[in-house]
Amino acid sequence: MTNELKTDFYDYVNGEWIKTAKIPADKPATGGFQDLVQDIEEVLMAEFENMANGSQSIPEGRMKDAVEFYKLANDYGTRDKLGASPIKSLLDKIEALNKLEDLNPQFSEWVLDGMPLPFSLDVDQDMQNTQKNVVYAYPASTILPDKTYYEENHPQGPALLGVFSDMTIQVLEKYGKSHEDAVAIVTDALAFDRLIVPHVRSSEENADYSKNYNPKTFAEFGSYSNELQLQKLVTDLIHDEPSEVIVTEPAFFEAFQSIVNPDTFSLLKNWLLVQTSLSYTSILSEELRQLGGTYSRYLSGIDESAPQQKAAYYLATNRFSQVVGDYYGKKYFGEKAKKDVEHMVRSMIEVYQNRLTNNTWLSQQTREKAVTKLNKLGIQVGYPEAIPEFYDKFVTKPAAEGGTLVENARAFSRIVREYIFSKYHKPVDRNEWEMSASTVNAYYHPFKNIIVFPAAILQAPFYSLEQSASANYGGIGAVIAHEISHAFDNNGAKFDEYGNLNNWWTEGDLAHFEKLAKEMIDEFDGIPFAGGTVNGTLTVSENIADAGGLSCALEAAKKEKDVSLEDFFINWAKIWRTKAREQYQQLLLSVDVHAPAKLRANVQVKNLDDFYTTFGISENDEMYLDPEKRVHIW
């Protein structure tokens, strides 16, 4: 084996690729996941264009409306002609506010129309009784990506605010504001943003999502504002009076009156103007599309905005995501691959069941509960049997009938919001997917106790019928087991087999698990990367899932005939190959619950004894980790 393998396994596998890989001008990164995204993008973009120009037939169902929406999005001549005029009425609506109380008569319509507020409402499963839906309240988002960016001496915060300010001033001028007025509006909006910052959580604090469950009585929720009729807003949206509202960040809502009050109204009003002005730039003129993306491009180090056709394609596929996913999954995902992947899932579950049953550090009581949760795990592969019913209402009004991009986009957004609030009176649908089948990703849903693997990720290098079984286990197998592991990571372990927030651990078992989780935190915490360091606490959940997933997939691979552990480990490193802009990497270090891709590849293999024997790694090699420092949880 080469010295490079023993020095840096990730570079050994991916070094040649890294030398020649080019990051697209409109993307922050390229690599295993991103290459698949680009491949799907090219295929579906071509199909959308062919359907739009009539050279390819459009299948039955809502795809015809997705294509019609794409045609509107790709008609930049009309978009340029209309300029900012399609949202003038929305800005006028904000300008007409003279005091906070002016929101009350139009409050529910304001929310359904997607107008901004310094908080948001949602309907989702009750964490302690996941068979029913309840109302959740969330704080406003900050302008910078995380509250830590506002800290004194943050290396990027001031520059980012400068870019944001310059961009927003120019956008407001395109909307007809004088330079002086635009500067004043942005100054106020930034001042209001700073009022929010002290009262919201950081990404690290939000990494424990059980902290979001803070039930408050309906009267308590209503008391958060003296001027705004919060209770009436909720009842108008869900057509009922709930007994409670789940407040995700109590500190924010307890401070709400100090943030939103008559004295801060002028700041809030200009914050509303800024939020609305920026939120629509992507569907207005080309000039505004380019200008409105300045801040996000700077944040990720992207050189250029997406080409016009690609931007139009993404507007259509993001709005019609499940429609497009259904089309993609049925056309490109075969039954043979589906059965093979389902076999791998069952193999991984069997490995996990054996490990849980024979676990030496869990008590029998907790082991039995863990196996029960595993046996209740739902598995969804490829694409869903049905897509959400609200898509039936997505009827695009074409240009020939006077339809515009903004008009249709707003209508569809309202349909989605009405659907979300209508769920309060509906039973929870465990089979509803929250990700399109054309999305290169996978997920575990803790409230539903299901794992989902969209068709798009079930391709090389993650999975292919042309690859060895060992390579597939090192790719999609490890991803599958990763998602299973989420049921038992530091977050998932707090939810039972029905997805309820329910501590099913004994006190001693939980203490031991937290000790092991601390070892995983320490293994990653402080590793230098991209001019910063890894936050072990922020990334611990995903790192636990990676460790369990890789270890479990390895055991499953070893049960297959013609096993090749070299194939297994090499494909594990290959799926994480990434070439990214430094600004983007630094952003992810601050807000992403996943460790950097290179470290996911390199650190986790060091925890597995088979890695050392497969590649002849010895204690003198940089890829060596002392046995007592190797972290094993599942």
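Each residue takes its place number in the sequence, starting with 1.
A salt bridge is absent between Lys423 and Asp429; no separation between the charged side-chain nitrogens and carboxylate oxygens falls under 4.0 Å. Under a 4.0 Å N-O distance rule, the pair Asp75/Arg79 does not qualify as a salt bridge. A salt bridge does not link Lys93 to Glu109: none of the charged nitrogens lies less than 4.0 Å from a carboxylate oxygen. Under 4.0 Å is where a charged nitrogen must lie from a carboxylate oxygen, and between Lys393 and Glu418 no such pair does. Ion pairing between Glu335 and Lys338 fails under the 4.0 Å rule for side-chain N and carboxylate O. The residues Glu342 and Lys339 are annotated as not salt-bridged, no charged nitrogen and carboxylate oxygen being separated by less than 4.0 angstrom. Under a 4.0 Å N-O distance rule, the pair Arg577/Glu16 does not qualify as a salt bridge.
For Thr439, there are no side-chain hydrogen bond (donor to acceptor under 3.5 Å, both in side chains) partners two or more places apart in sequence or in a different chain. Partners of Asp11 by side chain to side chain contact (heavy atoms under 4.5 Å, CB included), not counting sequence neighbours, listed by chain and number: Glu4, Asp8, Ile18, Lys598. Residues passing the salt bridge (Lys or Arg N to Asp or Glu O under 4.0 Å) test with Glu204: none are found, sequence neighbours excluded. Asn408 meets the side chain to side chain contact (heavy atoms under 4.5 Å, CB included) test with Phe69, Leu72, Thr396, Lys397, Phe412; sequence neighbours excluded. Residues meeting the side chain to side chain contact (heavy atoms under 4.5 Å, CB included) test with Ala580, sequence neighbours left out: Ala29, Thr578, Tyr584, Gln585.
At a threshold of 4.5 Å between non-hydrogen side-chain atoms, the residues Leu121 and Val111 do not count as touching.
With hydrogens and angles left out, the side-chain atoms of Asp35 and Thr30 include a donor and acceptor closer than 3.5 Å. Judged by distance alone, the side chains of Gln38 and Gln34 never bring a donor and an acceptor atom under 3.5 Å apart.
Annotation: ring-ring contact (aromatic ring centres under 6.0 Å, His included) contacts involving residues 17-66, sequence neighbours excluded, comprise Phe33-Phe462, Phe33-Trp576, Phe48-Tyr70, Phe48-Tyr313.
One finds the CG atom of Asp592 at 11.5 Å from the CG atom of Asp146 (value rounded to the nearest 0.5 Å).
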